[in-house]
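Down below is the structure, laid out as structure tokens.
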Amino acid sequence: MLRFASRFMNIWTELSQRGLLYQVTDAKLEALLTQEAFAVYCGFDPTADSLHVGNLVPLLGLARFQRAGHKPIALAGGATGLIGDPSGKKYERQLNTREQVAANLACIRKQLEKFLDFTPGRYSAKLVDNAEWLDGFNLLDFLRDIGKHFTINEMLSRESVSSRLDTGISYTEFSYQLLQAYDFYYLAKNYGCKLQVGGSDQWGNIVAGIELTRKLLQTQVYGLTFPLITKADGSKFGKTAEGTTCWLDPARTSPYKFYQFFIQTDDRDVVKFLNYFTFLPQEEIVALAESLRLQPEKREAQRALARHMTELVHGQEELRRAEAASIALFGGPLERLDERTLLEVFSEVPSFSLRRSWITDGKLLVDVLVETGIESSKAAARQSIQGGGIYINNERVCDVRERLSESRLLQGKYLVVRRGKRNYYLLGVAE
RNA sequence: GCAGGGGUGGCCGAGAGGUUAAUGGCACCAGACUGUAAAUCUGGCGGGCUAGGGCCCUACGUAGGUUCGAAUCCUACCCCCUGCACCA
């Protein structure tokens with residue numbers, strides 16, 4: 001018990017040191033968190049069938065609370081996902097069908113479970129779905145019992161709504177804040193939840209929940225937000241090099257790509273990200289920051305970040321494979337790679353199978369690039385080759401007439417294609 | 001409804017009858033320098049064919065028209081913005 005008491009004291013400091021405290025609804029929260037175990041909740045709407053790296057800050061935030069001895073409640077928004085949160089959105093979103101939301105919900109529940117500890121006990125995490133109490137809520141009851149506590153004036157003043165008054169917002173999305181407010185009230189009443197955390201765009205929704213809870217339960221509950229993740233170059237965080245979202249689902253973003261996503265982090269962002277995303281202690285982060293300053297070319301901080309994140313999300317084995325693939329590809333000459341390594345690389349890197357006949361017939365590389373989707377058109381493929389941007393087995397291709405040939409194959413059946421500095425693809429001959 | 005302004009390549013934005021696949025900026029891709037980072041510089045950036053030089057097709061809201069020739073002129077239609085009016 002003593003051990004936990006001291007841990008309570010740490011969560012605030014920990015969040016603060018990591019730069020994860022953005023806004024708090026009440027300055028007293030710091031002291032309160034040291035005095036008792038809080039039930040802390042954070043919601044995730046099933047807008048896709050996977051969470052993405054951007055969801056990690058609040059999700060790991062919950063995990064940090066649990067590690068500090070508090071009780072996390074992850075809420076999957078089976079109901080709110082049907083409505084659509086206008087927060088942070090510039091335009092009205094298209095509604096997902098009930099089937100889609102249900103399917104997404106199932107996937108997201110599984111992902112949420114991976115990051116929290118559900119072993120029974122005082123600090124055991126809980127996973128709830130707000131459809132349980134919101135779906136089927138009688139409209140007239142809702143308007144009378146809940147709606148009456150909100151004025152249009154305050155609802156309009158929320159950033160998520162006011163910023164949309166020019167472009168338009170539907171009544172549906174406008175109502176979202178009431179649903180989330182009700183969630184907080186419901187969790188406070190039934191689970192003793194006293195704190196809601198979330199991204200900074202959730203501030204308005206959180207405050208709405210605090211007010212509703214105060215009115216209905218005469219209970220004071222609290223809110224805390226994490227900062228929006230920004231990048232030094234001003235681009236939006238969470239997109240891979242190809243411009244696609246970096247998902248947690250390995251079927252959407254392979255562990256290799258996931259690892260690559262983090263290892264390519266800008267020097268200017270990497271220390272911040274170590275703080276935001278990892279559980280590494282301050283001393284280690286400070287040491288990595290020092291390494292970055294003195295020997296940036298070693299990229300130890302990036303490596304630590306990539307390792308930590310890949311292991312956290314995909315597990316040790318996938319980390320090993322992603323790292324092995326990265327080392328093999330970025331390490332230099334490929335001829336020496338043994339088949340086992342190649343096979344591992346094959347399983348991680350975007351890969352395609354080649355027909356034996358393509359080799360024997362000497363198919364044009366340009367056509368192969370297009371058929372595999374490495375290049376979008378033959379014109380583009382030719383330009384890449386002419387610009388010196390295409391490599392086979394890390395050797396630059398200098399002739400647009402390059403054809404596939406037996407002699408190029410590694411281990412008699414593999415071909416490593418690289419586009420630019422860091423985009424690797426593995427082609428293997430199908431037997 | 002009336003008046004005015006406008007719809008151009010992923011985005012912004014020039015062009016106002018002919019060297020215009022269409023200036024420029026952003027984004028994006030590649031190259032050089034490096035460290036799978038940044039900054040900078042260079043090249044590319046509708047598509048197809050071509051070793052190369054080049055050839056061809058499709059594009060400036062939509063549909064027609066005038067012209068040897070149109071993103072540029074005319075007509076109709078659609079959509080957006082800004083005033084005014086109407087309605088309440």
Side-chain angles (χ1 to χ4, degrees), chain A residues 90-92 165-168 230-246 253-274 288-310 319 322-334 345 348-350 362-403 416-426:
Chain A
K90 253 181 126 177
Y91 304 100
E92 184 81 13
L165 289 180
D166 46 342
T167 53
T230 56
K231 290 209 296 174
D233 66 6
S235 63
K236 201 177 160 206
F237 172 80
K239 301 287 180 187
T240 65
E242 294 80 41
T244 51
T245 301
C246 188
T253 303
S254 74
Y256 166 79
K257 283 226 175 127
F258 188 88
Y259 180 91
Q260 288 292 320
F261 171 84
F262 282 103
I263 209 158
Q264 285 163 11
T265 301
D266 193 316
D267 285 10
R268 296 169 293 179
D269 293 323
V270 70
V271 172
K272 178 165 73 176
F273 288 1
L274 282 167
L288 287 166
E290 192 61 6
S291 163
L292 177 73
R293 194 170 68 79
L294 297 173
Q295 298 174 290
E297 71 285 354
K298 285 182 119 178
R299 292 168 34 265
E300 280 179 339
Q302 278 92 340
R303 207 174 311 280
L305 177 66
R307 287 184 59 99
H308 194 92
M309 298 315 292
T310 308
L319 163 63
E323 204 170 23
S326 298
I327 290 169
L329 292 173
F330 289 91
L334 300 172
V345 170
E348 295 295 307
V349 169
K363 193 178 174 76
L364 272 172
L365 178 62
V366 166
D367 293 327
V368 177
L369 294 177
V370 175
E371 285 197 41
T372 51
I374 295 172
E375 291 286 356
S376 59
S377 72
K378 293 171 83 162
R382 284 201 194 86
Q383 275 154 12
S384 282
I385 293 175
Q386 279 165 344
I390 297 291
Y391 304 75
I392 288 181
N393 303 336
N394 277 347
E395 227 172 89
R396 179 172 285 168
V397 173
C398 8
D399 187 351
V400 293
R401 288 168 300 174
E402 178 83 21
R403 292 173 181 280
V416 175
V417 174
R418 168 152 73 95
R419 182 175 52 82
K421 206 168 177 182
R422 55 198 182 191
N423 303 296
Y424 281 99
Y425 308 86
L426 206 116

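Not measured: the values here are computed from a predicted model. Proteins come first, then strands; the chains are lettered A, B, ... in the order of their sequence lines, and each starts at number 1.
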Please state the [atom1] separation for the pair [N] and [M] - nearest whole angstrom.
N: B:rG9; M: B:rC78; atom1: P; answer: 22 Å
N: B:rA21; M: B:rA70; atom1: C1'; answer: 15 Å
N: B:rC80; M: B:rC28; atom1: P; answer: 32 Å
N: B:rG4; M: B:rC41; atom1: P; answer: 47 Å
N: B:rG1; M: B:rU20; atom1: C1'; answer: 40 Å
N: B:rC73; M: B:rG15; atom1: P; answer: 12 Å
N: B:rC68; M: B:rA3; atom1: C1'; answer: 39 Å
N: B:rG46; M: B:rC79; atom1: C1'; answer: 25 Å

Side-chain N,O ([X]) to OP1/OP2 ([N]) below 4.0 Å:
X: A:Lys421; N: B:rA37; result: yes
X: A:Asn423; N: B:rA30; result: yes
X: A:Tyr391; N: B:rG31; result: yes
X: A:Arg419; N: B:rA30; result: yes

Which residue lies more 5' along RNA chain B, comparing A:Asp233 with A:Arg396 via nearest heavy atoms: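 So the residue in question is A:Arg396.
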Along RNA chain B (nearest heavy atom to each residue), the more 5'-positioned of A:Gly420 and A:Asp266: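 That would be A:Gly420.
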Nearest-Å distance, [atom1] ([X]) to [atom2] ([N])?
X: A:Glu375; N: B:rC45; atom1: CD; atom2: C1'; answer: 12 Å
X: A:Phe261; N: B:rU36; atom1: CZ; atom2: C1'; answer: 14 Å
X: A:Leu305; N: B:rA37; atom1: CG; atom2: C1'; answer: 13 Å
X: A:Ile385; N: B:rC45; atom1: CD1; atom2: C1'; answer: 17 Å

Using a cut-off of under 3.5 Å, enumerate the N/O to N/O pairs linking the protein to nucleotides 10-13 of chain B.
none

Exam field: side chain A:Asn393 to backbone A:Glu395, donor-acceptor pair closer than 3.5 Å: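 A pair under 3.5 Å: no.
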Nucleotides 46-58 of chain B: protein proximity per nucleotide (B base, S sugar-phosphate only, - neither; heavy atom, under 4.0 Å): -SSSBSS------
Qualifying salt bridge (charged side-chain N to carboxylate O under 4.0 Å, His left out) pairs, either residue in residues 322-334 of chain A, two or more places apart: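 Non-adjacent pairs meeting salt bridge (charged side-chain N to carboxylate O under 4.0 Å, His left out): A:Arg307-A:Glu323.
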Identify the two heavy atoms, one from [X] and one from [Y], that lie closest to each other, and give their separation to 0.1 Å.
X: A:Tyr424; Y: A:Asn394; answer: OH-OD1, 3.1 Å
X: A:Gly420; Y: A:Tyr391; answer: O-CE1, 3.7 Å
X: A:Ala322; Y: A:Pro255; answer: CB-O, 3.8 Å

Sugar-phosphate, base or nothing in reach of A:Ser235, heavy atoms under 4.0 Å: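 Counting heavy atoms under 4.0 Å across all strands, no contact is made by A:Ser235.
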Partners passing ring pair (Phe, Tyr, Trp, His ring centres under 6.0 Å) against A:Phe273 (at least two apart in sequence or in another chain):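 A:Phe273: ring pair (Phe, Tyr, Trp, His ring centres under 6.0 Å) contacts with A:Phe237, A:Phe277.
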Strictly by Watson-Crick or wobble contacts shorter than 3.5 Å, is anything paired with [N], and which nucleotide is it?
N: B:rG53; value: none
N: B:rA32; value: B:rU40
N: B:rA59; value: none
N: B:rG9; value: none
N: B:rC68; value: B:rG18
N: B:rU23; value: none
N: B:rC84; value: B:rG1

For [X], check salt bridge (charged side-chain N to carboxylate O under 4.0 Å, His left out) against everything at least two apart and list the hits.
X: A:Arg401; answer: A:Asp399
X: A:Lys272; answer: none
X: A:Arg293; answer: A:Glu290

A:Lys257 versus A:Thr253, side-chain donor and acceptor atoms under 3.5 Å: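 No - no donor-acceptor pair under 3.5 Å links their side chains.
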Qualifying residues under side chain to side chain donor-acceptor pair (under 3.5 Å), relative to A:Thr310, sequence neighbours excluded: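 Counting only residues at least two positions away or on another chain, A:Thr310 forms no side chain to side chain donor-acceptor pair (under 3.5 Å).
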With sequence neighbours excluded, residues passing side chain to side chain donor-acceptor pair (under 3.5 Å) with A:Gln264: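 Scan of A:Gln264 (side chain to side chain donor-acceptor pair (under 3.5 Å), adjacent residues dropped) gives A:Gln260.
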Strand contacts (RNA chain B) in residues 292-300 of chain A, 4.0 angstrom heavy-atom criterion: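 Going residue by residue through residues 292-300 of chain A, the ones with a heavy atom under 4.0 Å of RNA chain B turn out to be A:Pro296, A:Glu297, A:Arg299.
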List the atom pairs, with distances to 0.1 Å, where a side-chain N or O of residues 294-302 of chain A and a protein N or O form a donor-acceptor pair under 3.5 Å, not counting sequence neighbours.
| residue | atom | partner | partner atom | Å |
| --- | --- | --- | --- | --- |
| A:Glu300 | OE1 | A:Ser291 | OG | 2.6 |
| A:Gln302 | NE2 | A:Thr265 | O | 2.9 |
| A:Gln302 | NE2 | A:Asp267 | OD1 | 2.9 |

With a cut-off of 3.5 Å and sequence neighbours excluded, list every side-chain donor-acceptor pair involving residues 382-390 of chain A.
| residue | atom | partner | partner atom | Å |
| --- | --- | --- | --- | --- |
| A:Ser384 | OG | A:Glu375 | OE2 | 2.6 |
| A:Ser384 | OG | A:Ala380 | O | 3.4 |

